[in-house]
Amino acid sequence: MIENSLSPAAITDNLETSFIGRKIIYYPSLPSTNDVAKLKAREGAPEGSVVLAEEQTAGRGRIKRTWLSPRGSIALSIILRPGPDELSSLIMVASLATVHCIEKVSGLKAQIKWPNDVLINDKKVCGILIESDVKGSSVDYAVIGIGINVNLKLSSFPEITPTATSLSHELGRDVSRLDIIRCLLVETERLYLALPSGDSVYQEWRDRLVTLGKKVQVSSGESTYHGIAESVASDGSLLLRQPDGGLTKIVAGDVTLRQ
Ligand code: BTN
């Protein structure tokens with residue numbers, strides 16, 4: 001049966017994690033789970049605490065964009081306290097955890113567009129916003145904010161239909177948000193704990209990027225670049241082969257695939 005509202009007790013019941021999701025801070029409605037998570041992190045919330053909302057009224061996206069999260073979607077933020085070497089890998093952890101869980105729970109095939117948009121049939125189904133507080137060489141906290149369009153009737157949101165989709169739209173039936181959230185907590189913890197022991201997370205993320213090998217336009221700050229998305233570095237940067245043959249490393253930006 002598909003749940004109408006989320007219950008923190010149902011999420012934590014027999015959850016197979018050691019720290020992520022042990023503490024769930026639940027709101028029926030709030031402006032942004034990332035904003036509350038950052039506040040809780042500054043107040044000393046333990047690593048793995050999760051802020052979860054049925055709906056956000058002022059959800060935030062990357063590059064100062066807004067993010068729509070009405071009831072039926074997933075909006076959650078996970079508080080982590082990574083080492084400085086792990087910070088840049090959180091985009092890989094979060095996007096891989098999301099594709100694994102969408103595929104496991106819905107059976108749909110998901111793709112990652114650099115750096116961490118999750119797509120189904122070339123339309124965006126999930127956005128990820130990672131924010132952190134770094135003091136000198138140490139990370140005070142990082143927050144992984146994940147928004148997934150789960151049971152969203154697209155006809156009610158015409159402003160996003162050209163570029164976005166939802167799991168229910170793709171499947172023709174509703175999907176359990178509870179199953180996706182429980183899976184996300186387990187997968188995020190598994191991938192996060194795998195970071196210190198090698199390159200497996202980076203390698204899988206790189207291999208799953210639909211962006212690589214494609215002709216792209218990249219907006220990064222005030223600059224726009226064109227070229228072929230050749231590869232990604234282990235710190236998550238995009239390596240763009242430009243028409244003059246030069247290779248440019250782009251740390252953050254927004255990619256549009258070109259014909
Ligand atoms: C993007 O694609 O631009 C990122 C969207 C991130 C949305 C999530 S929803 C949970 C968390 N809270 C926010 O305000 N934003 C993130």
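Owing to the predicted nature of the structure, the values given are computational and were not obtained by experimental measurement. In what follows, residues are counted from 1 in the order of the sequence shown.
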Legend entry - Partner of V36 by side-chain contact (heavy atoms from CB on, under 4.5 Å), out of V143, V51, L52: V51
Legend entry - Student check: side-chain heavy atoms of R173 and S168 closer than 4.5 Å: no
Legend entry - Donor-acceptor under 3.5 Å (E86 side chain, G83 main chain): yes
Inset, instruction - Heavy atoms only: give me the nearest S32-R60 pair and the separation to one decimal. - result: OG-NE, 4.1 Å
Legend entry - Heavy-atom closest pair, residues P70 and E55: C-CB, 4.0 Å
Legend entry - Any side-chain donor near an acceptor of the partner, E54 and S29, under 3.5 Å: no
Legend entry - Nearest non-hydrogen partners of I20 and L15, listed with the distance: O-CD2, 3.7 Å
Inset, instruction - Without swapping roles, check the side chain of R62 against the backbone of G253 for a donor-acceptor pair under 3.5 Å. - result: yes
Inset, instruction - Determine the minimum heavy-atom distance between P8 and Y26, stating which atoms define it. - result: CG-CB, 3.5 Å
Inset, instruction - Check whether any side-chain N or O of S106 sits under 3.5 Å from a backbone N or O of E103 as a donor-acceptor pair, and report yes or no. - result: no
Legend entry - S77 side chain to N34 backbone, donor-acceptor under 3.5 Å: yes
Inset, instruction - Any chance you could measure K123, atom NZ, to N149, atom CG, to the nearest 0.5 Å? - result: 11.5 Å
Inset, instruction - Report yes or no: do Q217 and T224 form a side-chain donor-acceptor pair below 3.5 Å? - result: no
Inset, instruction - Go through the steps to decide whether N151 and L167 satisfy the test side-chain contact (heavy atoms from CB on, under 4.5 Å), and finish with yes or no. - result: CA-CA 6 Å; N151 301 320; L167 297 183; 5.6 Å; no
Inset, instruction - Using distance alone, with no hydrogens and no angle criterion, decide if Y192 and E187 have a side-chain donor and acceptor under 3.5 Å apart. - result: no
Inset, instruction - Can you establish whether the number of heavy atoms outside K124 located under 6.0 Å from its atom NZ is more than 12? - result: yes
Inset, instruction - Give the minimum heavy-atom separation between S220 and Y225, together with the two atoms involved. - result: CB-CE1, 4.0 Å
Inset, instruction - Return yes if some donor-acceptor pair links the side-chain N/O of S49 with the main-chain N/O of A45 below 3.5 Å, else return no. - result: no
Legend entry - D140 and R81 ion-paired at < 4.0 Å: yes
Inset, instruction - Indicate the atoms forming the closest heavy-atom contact of L238 with A229, along with that distance. - result: CD1-CB, 4.0 Å
